[in-house]
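It should be emphasised that the depicted structure is a prediction, and the values quoted were computed from it without experimental measurement. Per chain, numbering begins at 1; letters A, B, ... match sequence-line order. No hydrogens, no waters, no symmetry mates; every other heavy atom, side chains included, goes into these values.
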Number of protein chains: 2
Amino acid sequence: MRRDIFQAIADPTRRGIVALIALQAMTPNAIAENFNTTRQAVSKHLRILTECELVKQEYQGREIYYSLEIEKMKEIDKWLDQYRKIWENRFNQLDQVLSTLKKQTTK
Amino acid sequence: MRRDIFQAIADPTRRGIVALIALQAMTPNAIAENFNTTRQAVSKHLRILTECELVKQEYQGREIYYSLEIEKMKEIDKWLDQYRKIWENRFNQLDQVLSTLKKQTTK
DNA sequence: TATTTGCGAAACCGAAAAGTTGCATATATA
DNA sequence: TATATATGCAACTTTTCGGTTTCGCAAATA
C-alpha cells in the first residue's frame with residue numbers, strides 16, 4: 001500500500017483525529033463522535049495512521065484506545081529542517097541588511 | 001479543487017520538485033528531466049503547487065522559471081508547533097527524571 | 001444463555017488523482 | 001517566413017481514496 005506519513009496527514013479528517021488523540025487516548029467510537037462520518041470510516045483512517053506508525057493501539061477488554069505516536073511526528077520536522085535552513089538564512093541576510101543600514105544611519 | 005499544502009506535499013514527486021527548486025529556479029523541462037514522467041505530468045504538479053502558492057513563476061521569454069515560495073512552508077511548521085510542544089514537554093519530563101536520578105546517585 | 005456493544009474487515013460505489021496523448025499558442029531561430 | 005522549441009491545457013484512462021453498508025467476532029451485560 002506504500003503508506004507514508006505525508007500521505008497520512010494529507011486528509012483533513014486524519015489531521016483532526018491526530019489532533020484529537022494527541023493529548024489523550026481515545027476509542028474509535030469516541031473519536032467518531034467528533035466527526036461527521038461513521039465509525040467505520042474513522043476505523044479506516046485509524047488503520048492508515050496505524051500502518052504508518054503515527055498512532056498506537058492499546059487493547060483494554062473489547063475497547064481499543066488509540067493515541068498519537070509523537071515520535072513519528074518528528075519525521076515531518078526532520079523533513080522541514082532543510083527548508084528551515086533556507087528561511088533562516090534569508091532572515092539572517094535581511095538581518096545583515098538591516099544592521100548595515102542601522103550603522104550607516106547612526107554614523 | 002480545495003487544494004491545501006498538506007495535500008500538495010503528499011505526493012512524492014511533488015516533494016521531489018519542491019526539493020529541486022528550493023535553491024534555484026528551474027523550467028518545467030529541466031525539472032522533468034529529474035523524474036520518470038512526462039513533462040506534462042510535471043506541469044500538472046507545478047500547477048497544483050502554484051495553486052496552493054507553494055511555488056511561484058517567473059516568465060522569461062518563452063521559458064517559465066519555477067521556484068519555491070519558502071514562506072508557505074512555514075505553514076507546516078506552524079501546524080507542527082502544537083506537537084512540538086508535546087514532544088518537548090516529554091523531553092523536559094525525562095530531563096527532570098534524569099537530573100533527579102543524578103542527584104540521588106551523587107549524594 | 002441470550003442480547004447488546006465495540007470493533008475490524010470485506011464488498012461496493014462515486015469522486016478525485018495521477019498519468020498519458022494530442023493539441024494550441026507563443027517565442028526563438030534558421 | 002518557415003521551423004523548432006517551451007509551455008499550458010483539454011480529453012481520456014487507470015488507479016486510488018474516502019465513504020457507506022453489511023457482516024462476523026469477541027467481550028460485556030441482562
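Taking 4.0 angstrom as the limit, B:Q57 places none of its side-chain polar atoms (N or O) nearer than this to OP1 or OP2 of D:dT7. Look at B:R3 and you'll find a side-chain N or O under 4.0 angstrom from OP1 or OP2 of C:dA17. Phosphate proximity of C:dG19 to B:H45: present, with a side-chain N or O under 4.0 Å from OP1 or OP2. In terms of phosphate contacts, B:N29 brings a side-chain nitrogen or oxygen within less than 4.0 Å of OP1 or OP2 of D:dT7. For A:S43 and C:dG8, the shortest distance from a side-chain N or O to OP1 or OP2 is below 4.0 Å.
Across every non-hydrogen atom of A:L49 and A:A8, the tightest pair is CD2-CB, 4.1 Å. A:V42 approaches A:P28 most closely through the heavy-atom pair CG1-O, 4.2 Å.
Atom CD1 of B:I31 is separated from atom C1' of D:dG8 by 14 Å (rounded to the nearest Å). Computed from coordinates, the A:F6 CZ to D:dC17 C1' distance equals 20 Å when rounded to whole Å. Rounded to a whole Å, the CD atom of B:Q7 is 5 Å from the P atom of C:dA17. Atom CD1 in B:I64 sits about 13 Å away from atom C1' in D:dT5, given to the nearest Å. The distance between atom OH of B:Y65 and atom P of C:dT27, rounded to the nearest whole Å, is 16 Å. Spacing between atom OH of A:Y59 and atom C1' of C:dC7 amounts to 9 Å, rounded to whole angstrom units. For B:R15 and C:dA18, the CZ to C1' distance is 15 Å, given to the nearest whole Å. Atom CG of B:D4 is separated from atom C1' of C:dA16 by 14 Å (rounded to the nearest Å).
Side-chain contact between B:E69 and B:L54 is absent, with no heavy atoms from C-beta onward closer than 4.5 Å.
A residue-by-residue look at A:T27 and B:T38 shows that A:T27 has its nearest nucleotide of DNA chain C further toward the 5' end. Nearer the 5' end of DNA chain D, as judged by each residue's closest nucleotide, is the contact made by A:R14, out of A:R14 and A:R39. Nearer the 5' end of DNA chain D, as judged by each residue's closest nucleotide, is the contact made by B:A30, out of A:G61 and B:A30.
Between the side chain of A:K44 and the base of C:dG8 there is no donor-acceptor pair of N/O atoms closer than 3.5 Å. Between the side chain of B:R62 and the base of D:dT7 there is no donor-acceptor pair of N/O atoms closer than 3.5 Å.
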- [ ] List the steps and the verdict of salt bridge (Lys or Arg N to Asp or Glu O under 4.0 Å) for A:R84 and A:D81.
- [x] CA-CA 5 Å; A:R84 194 172 293 119; A:D81 233 35; 2.5 Å; yes

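No hydrogens or angles considered: a donor-acceptor pair under 3.5 Å links the side chains of B:Y66 and B:Q57.
Among the protein residues, B:E63 comes within range of the sugar-phosphate backbone only, with heavy atoms under 4.0 Å from sugar or phosphate atoms but none that close to a base.
Of the possible polar contacts, one joining the A:R15 side chain to the A:A10 backbone as a donor-acceptor pair under 3.5 Å is found.
Distances from the side chain of B:Q40 to the nucleotides C:dC7, C:dC23, D:dT20 place C:dC23 closest. For A:A41, whose side chain is taken as the heavy atoms from C-beta onward, the closest listed nucleotide among C:dA18, D:dG8, D:dT20 is D:dT20. Out of D:dG19, C:dC7, D:dG8, the shortest distance to the side chain of A:T37 is found at D:dG19.
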